[in-house]
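Reviewing the structure listed below.
In this text the structure is predicted, and so the values were computed from the model without any measurement. Numbers here are sequence positions counted from 1.
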Amino acid sequence: MPKKNRKKAVPKNRYYDYNLVAIVILLTCFGLVMLYSTSAYTSQVNYEDDMQFFGRQAVVSVLSILGALFISRFDYHVLYYFSGGIYVASMILMFLVKFSPLGVEVNGARRWLAVIPGTSLQFQPSEVAKIAAITFIPCLIIKMGRKVKTLKGSVFLLCTGAILALGAFRLTENLSTGLIIGAITVIMIFIAHPKTRPFIIGGVILLILVIAGRLILQKALGNVAVSTENLENFRLERILVWLNPEQYSSEGGYQIMQALYAIGSGGFFGKGLGNSVQKLGPVPEAQNDMIFSIVCEELGVFGGLVVLILFGYLLYRLFFIAENAPDFYGSLVVGGIMIHIALQVILNICVVLNWIPTTGITLPFISYGGTSILFLMLEMGIALSVSRQIKFTE
């Protein structure tokens with residue numbers, strides 16, 4: 001076609017993913033409704049205030065959404081230059097949890113850091129470590145360029161992520177976060193690496209080992225009663241509970257069994273919002289990582305599927321932003337956010353269904369937890385910042 005007859009492309013610079021904003025607000029509002037329904041009784045019994053958990057979560061959620069919208073107005077490229085500092089800061093904060101008086105122990109786990117000593121204002125530095133992985137690994141990939149495809153380059157990236165993952169595991173006693181950081185690192189390398197065969201082979205081998213390991217453990221311990229009183233490693237106790245929750249009901253299996261009873265008793269359409277029986281005590285701390293079981297009890301399998309569809313649409317919006325990002329760094333960062341949320345949803349639901357041992361991973365935007373909501377909204381703000389620089393032509 002002659003040049004004079006060509007229609008000149010007109011760039012549109014004002015794109016903003018309002019669909020992502022809408023789905024995040026929808027998930028948050030749904031989470032607040034389910035949080036109140038789940039926690040009102042225990043909150044009234046323990047604190048004489050049925051709004052104890054709901055009120056805190058609502059305030060943090062509203063402020064976090066506003067913060068995400070504010071952060072989205074900034075250029076995300078600034079993270080490229082500060083990601084190294086975030087990486088170092090996350091390691092220092094996790095070190096303080098382990099070796100300073102600021103570290104706070106809750107329910108036998110020392111994972112929190114007091115913002116102001118002597119108050120309830122605290123947060124989990126392991127959440128900062130997730131942000132560090134999402135922002136710093138892409139920065140290294142960009143700087144390394146073609147060296148990423150070499151064995152030396154891949155090993156260097158793996159070691160960088162492994163240090164952060166081991167820090168979360170050893171310094172904050174948080175194995176689940178360590179596994180998530182490790183998975184984010186591996187999948188990012190997979191995205192940037194030109195060869196896919198080594199990753200596919202490695203994934204198949206890992207899957208075979210996990211299945212074989214479970215079968216071996218079930219055969220070795222399935223019919224043997226092992227006393228957990230002298231077990232120093234609580235993770236081994238969780239594996240025993242996972243393999244046989246009925247036999248180890250007093251060590252944690254009771255919660256899993258009640259969660260499964262809640263899902264089963266809900267049927268397809270549930271007992272109705274607010275009509276859960278298991279939240280009245282049988283499922284301890286139901287507002288945390290077991291909230292999905294109460295969703296299924298009150299809203300049924302249908303409600304559970306709706307939640308999964310909402311998360312699926314959220315992941316689709318993140319994929320859309322990653323695919324259309326103006327540069328590779330933006331694609332990798334949003335890809336890291338998508339990987340994080342997908343892993344957390346999958347692992348949480350697998351725990352509730354007793355497909356994997358208990359990990360303590362919350363359901364994003366729905367489970368109770370101020371730190372979780374705050375950093376999830378920070379990630380949403382970063383994703384919206386990337387979407388703001390997407391340019392379409394017509």
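Under the side-chain hydrogen bond (donor to acceptor under 3.5 Å, both in side chains) criterion, Glu298 pairs with Ser37, Lys279, sequence neighbours left out. Applying the side-chain hydrogen bond (donor to acceptor under 3.5 Å, both in side chains) criterion to Asn288, with sequence neighbours excluded, gives Glu285. For the salt bridge (charged side-chain N to carboxylate O under 4.0 Å, His left out) test, residues two or more places apart in sequence or in another chain that qualify with Glu127 are Lys130.
Annotation: side chain of Arg73 is not in contact with side chain of Leu384 (no heavy-atom distance under 4.5 Å). You'll find the side chain of Phe375 stays beyond 4.5 Å of the side chain of Ser126, heavy atoms only. Contact check for Ser43 versus Gln287: no side-chain heavy atoms found under the 4.5 Å cut-off. Between Met144 and Phe156, some side-chain heavy-atom pair lies under the 4.5 Å cut-off. At least one side-chain heavy atom of Val345 sits less than 4.5 Å from a side-chain heavy atom of Pro364. In this structure, the side chains of Leu20 and Met380 come closer than 4.5 Å at one or more pairs of heavy atoms. Looking only at side-chain heavy atoms (C-beta outward), Leu376 and His340 come within less than 4.5 Å of each other. Side chains of Leu273 and Val33 form a contact here, defined as non-hydrogen atoms less than 4.5 Å apart.
The CD atom of Gln344 sits 9.0 Å away from the CZ atom of Phe311 when rounded to the nearest 0.5 Å. To the nearest 0.5 Å, atom CD1 of residue Ile189 and atom CG of residue Leu332 are 11.0 Å apart. Interatomic distance, CD1 of Ile291 versus OG1 of Thr38, reported as 4.0 Å (0.5 Å rounding). Atom CD1 in Ile346 sits 10.0 Å away from atom CG in Leu308 (nearest 0.5 Å).
Leu157 and Phe328 fall within a single hydrophobic cluster, where Ile, Leu, Val, Met, Phe, Trp and Tyr are joined by side-chain heavy atoms under 4.5 Å apart, directly or via other members. Leu353 and Phe268 fall within the same hydrophobic cluster, where Ile, Leu, Val, Met, Phe, Trp and Tyr residues are linked whenever their side-chain heavy atoms come under 4.5 Å apart, directly or through other members. Leu66 and Ile23 fall into different hydrophobic clusters, where Ile, Leu, Val, Met, Phe, Trp and Tyr residues are linked whenever their side-chain heavy atoms come under 4.5 Å apart, directly or through other members. Neither Leu63 nor Val21 shares a network with the other; the hydrophobic side chains, linked directly or stepwise wherever heavy atoms of I, L, V, M, F, W or Y lie under 4.5 Å apart, form separate groups for each. Under the 4.5 Å side-chain contact rule for hydrophobic residues, Leu27 and Tyr18 share a cluster.
In plain terms, the two heavy atoms of Val351 and Pro357 that are nearest each other are CG2-O, 3.5 Å. Heavy-atom minimum distance, Gly103 versus Leu113: N-CD1, 4.0 Å. Contact detail for Arg146 and Lys149: the closest heavy-atom pair is O-CG, 3.0 Å. Taking all atoms of both residues into account, the shortest heavy-atom contact from Ala133 to Leu164 is N-CD2, 3.6 Å. Across all non-hydrogen atoms, the minimal contact from Tyr329 to Ile142 is N-CD1, 3.9 Å. Smallest separation of non-hydrogen atoms from Asn324 and Ile390: O-CG1, 3.4 Å.
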Distance-only check: which donor-acceptor pairs under 3.5 Å involve side-chain atoms of residues 314-322, not counting sequence neighbours?
residue: Arg317; atom: NE; partner: Asp17; partner atom: OD1; Å: 3.4
residue: Arg317; atom: NE; partner: Asp17; partner atom: OD2; Å: 3.4
residue: Arg317; atom: NH2; partner: Tyr15; partner atom: OH; Å: 3.3
residue: Arg317; atom: NH2; partner: Asp17; partner atom: OD1; Å: 3.4
residue: Arg317; atom: NH2; partner: Asp17; partner atom: OD2; Å: 3.1

Donor-acceptor contacts under 3.5 Å from residues 82-99 side chains, at least two apart:
residue: Ser83; atom: OG; partner: Leu79; partner atom: O; Å: 3.3
residue: Ser83; atom: OG; partner: Tyr80; partner atom: O; Å: 3.4
residue: Tyr87; atom: OH; partner: Thr160; partner atom: O; Å: 2.8
residue: Ser90; atom: OG; partner: Ile86; partner atom: O; Å: 3.4
residue: Ser90; atom: OG; partner: Tyr87; partner atom: O; Å: 2.6

**Asked** Does the side chain to side chain contact (heavy atoms under 4.5 Å, CB included) test come out yes or no for Ile180 and Ile361, once each step is laid out?
**Response** CA-CA 10 Å; Ile180 289 175; Ile361 294 177; 3.9 Å; yes

**Item:** side chain to side chain contact (heavy atoms under 4.5 Å, CB included) between Leu363 and Val295, intermediate numbers included
**Value:** CA-CA 11 Å; Leu363 189 61; Val295 172; 5.9 Å; no

**Message:** Thr177 vs Arg111, test: side chain to side chain contact (heavy atoms under 4.5 Å, CB included). Steps then yes/no.
**Reply:** CA-CA 11 Å; Thr177 296; Arg111 297 177 180 175; over 6 Å; no

**Stepwise side chain to side chain contact (heavy atoms under 4.5 Å, CB included) test for Gln278 and Ser293** = CA-CA 9 Å; Gln278 303 302 112; Ser293 65; over 6 Å; no

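The backbone N or O of Val277 sits less than 3.5 Å from a side-chain atom of Glu297, completing a donor-acceptor pair. Under the 3.5 Å distance criterion, the side-chain polar atoms of Ser72 are matched with a main-chain donor or acceptor of Leu69. The closest donor-acceptor contact from the side chain of Asn348 to the backbone of Asp289 lies under 3.5 Å. A donor-acceptor pair is defined here as one N or O able to donate and one able to accept, closer than 3.5 Å; such a pair exists between the side chain of Thr28 and the backbone of Val24.
Apart from Tyr47 itself, the hydrophobic cluster it occupies contains Leu35, Phe53, Tyr368, where clustering links Ile, Leu, Val, Met, Phe, Trp and Tyr at side-chain heavy-atom distances under 4.5 Å. In the hydrophobic clustering, Tyr36 connects to Leu32, Met51, Phe54, either directly or through intervening members, whenever side-chain heavy atoms lie under 4.5 Å apart.
Among pairs with a residue in residues 343-368, none fulfils salt bridge (Lys or Arg N to Asp or Glu O under 4.0 Å), at least two apart in sequence or across chains. Screening residues 57-67 for side chain to side chain donor-acceptor pair (under 3.5 Å), with sequence neighbours left out, gives no hits. For residues 323-342, no pair satisfies salt bridge (Lys or Arg N to Asp or Glu O under 4.0 Å), with sequence neighbours left out. Every pair passing ring pair (Phe, Tyr, Trp, His ring centres under 6.0 Å) that includes a residue from residues 269-309 is listed here, sequence neighbours excluded: Phe269-Phe302. Here salt bridge (Lys or Arg N to Asp or Glu O under 4.0 Å) pairs that include residues 83-97, with residues two or more places apart or in two chains, number zero.
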